Amino acid sequence: MNNTPSPHELRAGLVKQLRDQDAIRTDRIADVIGSVPREVFAPEASPTDAYDPNRAVVTKRDPHGLAISSVSAANIQAVMLEQGDPQPGENVLEVGSGGMNAAYLAELVAPGGTVTTLDIDPEVTDRARRLLADTGYDGVHVVTADAEYGAPDRAPYDLIEVTVGAPDIPPAWIDQLAPGGRIVVPLRIRGLMRSFLLVREGDHLVSRGYELCGFVPMQGAGEQREQLVLLHEVPNEEVGLRLDDGDQVDVEALRAALASPRQEAWSGVTVGGEEPTHDLDLWLATALDGHARLTATVAARDAGIVASASPLGVATLVVGGTFAYRTVRAVDDSRTRFELGAYGHGPAASAAASKLVDEIRTWDRKHRGGPGARVEIHPATTPDSRLPAGRVVAKTHSRISISWPGQQP
């Protein structure tokens, strides 16, 4: 007896899981994900892995083994499709080709719509072109080009959906967007990546919501990788800081700080064990000057060097030769609720930990459960007088403002 689920059963199971995760919220997205043969677009994986809602299928790695192209996990594909809400008859540009997501888009804009999918890597576009043709989606236009410059021949677009991690918004994307058009993009701001729904308003973009996500980084002219500096380099016990947008730190002073006794500060703010703190992290990235993220291996945590093991990093405040990072402690033995706090190292450890904790309390008092951040993307030449009050992050092509409306007194 063959107990292997059929493709139809795998697709139905995937849709159910995505509904349970609240990644799928509308019937039209469910219908599309339930009809397109995912296993054909991910031949590198077993059918079970291809239909795992949380698993991305890596299709290409660089010489160092880092993933540079993948079929995104179904849960983030569903979330971004819900964000962008492609409609019949629309003209859509996808940045980053895998084939799978372009097929979803083609279904959603039919009848009368068009989809262009673009990637800098000819191996990736050749693969996408072949798989799309094999599955009957040969109407999708596949373009090999640097995404920094978009695809002007088929502009303007009603929707641009970006499926690679973007450090900035190139001017071409805004120029090629129809008035009132949308961009869904995994944008990295102060080291944090979120999938933003951005709507064009004149010469700039305004956010209409965001979701947690993770993507391989963009290549080409717009590539800007994060910097990782190591504070502790014992094999398997590495501790480092992730820095973004050209930030610089005194590495030797921070290495000495890590070796010093830690100071603690606790906020009195508690969270449930399964409660997301994504907006807290975005608030800390907005509020803290000297924001970075502390990364550490499990072995480093188990050795007591730091209290947190995270490859992506936890919110950290760096002030000269001092740093403090966010941590938690269980409220009781049930370990179902945790208090938020900070551990500090260095000459001003107590002050840095207290500052971080103060911002945790501000988030709890003013922003917890609120509408979240409002992000606007303006041209790099925009003067301060045209920007909302709040944190302004300078990028190569843009000035990104992050404000927090709906504050309570």
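All values derive from a computational prediction rather than experimental measurement.
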Looking only at non-hydrogen atoms, find the nearest pair between [X] and [Y] and report the distance.
X	Y	value
Ile402	Ile189	CD1-CG2, 3.5 Å
Pro388	Ser401	CD-OG, 3.4 Å
Ile377	Ser398	CG2-CB, 3.7 Å

Taking the side chain as every heavy atom from C-beta outward, state whether [X] and [Y] have any atom pair closer than 4.5 Å.
X	Y	answer
Asp158	Val92	no
Val271	Arg368	yes
Trp173	Val162	yes
Glu82	Glu211	no
Glu94	Asn101	yes
Leu187	Ile169	yes
Pro186	Met80	yes
Pro88	Arg28	yes

For Tyr210, is the NZ or CZ atom of Arg194 found under 6.0 angstrom from the centre of its six-membered ring and inside 45 degrees of the ring axis? no
Would Arg329 pass as a cation-pi partner of Trp266, given that its NZ or CZ must be under 6.0 Å from the six-membered ring centre and within 45 degrees of the axis? yes
Check the side chains of [Y] and [X] for a donor-acceptor pair under 3.5 angstrom, ignoring hydrogens and angles.
X	Y	value
Glu107	Ser35	no
Gln87	Asp85	yes
Ser334	Thr336	yes

Got a salt bridge between [X] and [Y], using NZ or NE/NH1/NH2 to carboxylate O under 4.0 Å?
X	Y	result
Lys16	Asp20	yes
Asp138	Arg130	no
Arg208	Glu376	no
Arg38	Asp49	no
Arg25	Asp22	yes
Glu359	Arg361	no

For Glu148, side-chain hydrogen bond (donor to acceptor under 3.5 Å, both in side chains) partners two or more places apart: His397
Apply side-chain hydrogen bond (donor to acceptor under 3.5 Å, both in side chains) to Asp244 and list each qualifying residue two or more places apart in sequence or on a separate chain. Arg188
Would you say [X]'s side chain and [Y]'s backbone share a donor-acceptor pair under 3.5 angstrom?
X	Y	result
Asp146	Ala221	yes
Glu9	Ser6	yes
Arg182	Val184	no
Arg337	Ala330	no

So side-chain hydrogen bond (donor to acceptor under 3.5 Å, both in side chains) across residues 317-326, not counting sequence neighbours, yields Asp281-Arg326
Give the ring-plane orientation class for Trp283 versus Trp404, where under 30° counts as parallel, over 60° as perpendicular and anything between as tilted. perpendicular
Please round to the nearest 0.5 Å and tell me the distance separating atom CG of Leu197 and atom CD1 of Ile183. 10.0 Å
Check this for me: Arg255, atom CZ, are more than 12 non-hydrogen atoms of other residues, nucleotides or ligands nearer than 6.0 Å? yes
With side-chain contact (heavy atoms from CB on, under 4.5 Å) as the criterion, how do Asp384 and Arg386 come out once you've worked through the C-alpha distance, each side chain's angles and the decisive distance to 0.1 Å? CA-CA 5 Å; Asp384 289 346; Arg386 286 191 55 202; over 6 Å; no
For Val306, run the side-chain contact (heavy atoms from CB on, under 4.5 Å) check against Thr327, Leu258, Thr295 and tell me which one passes. Leu258
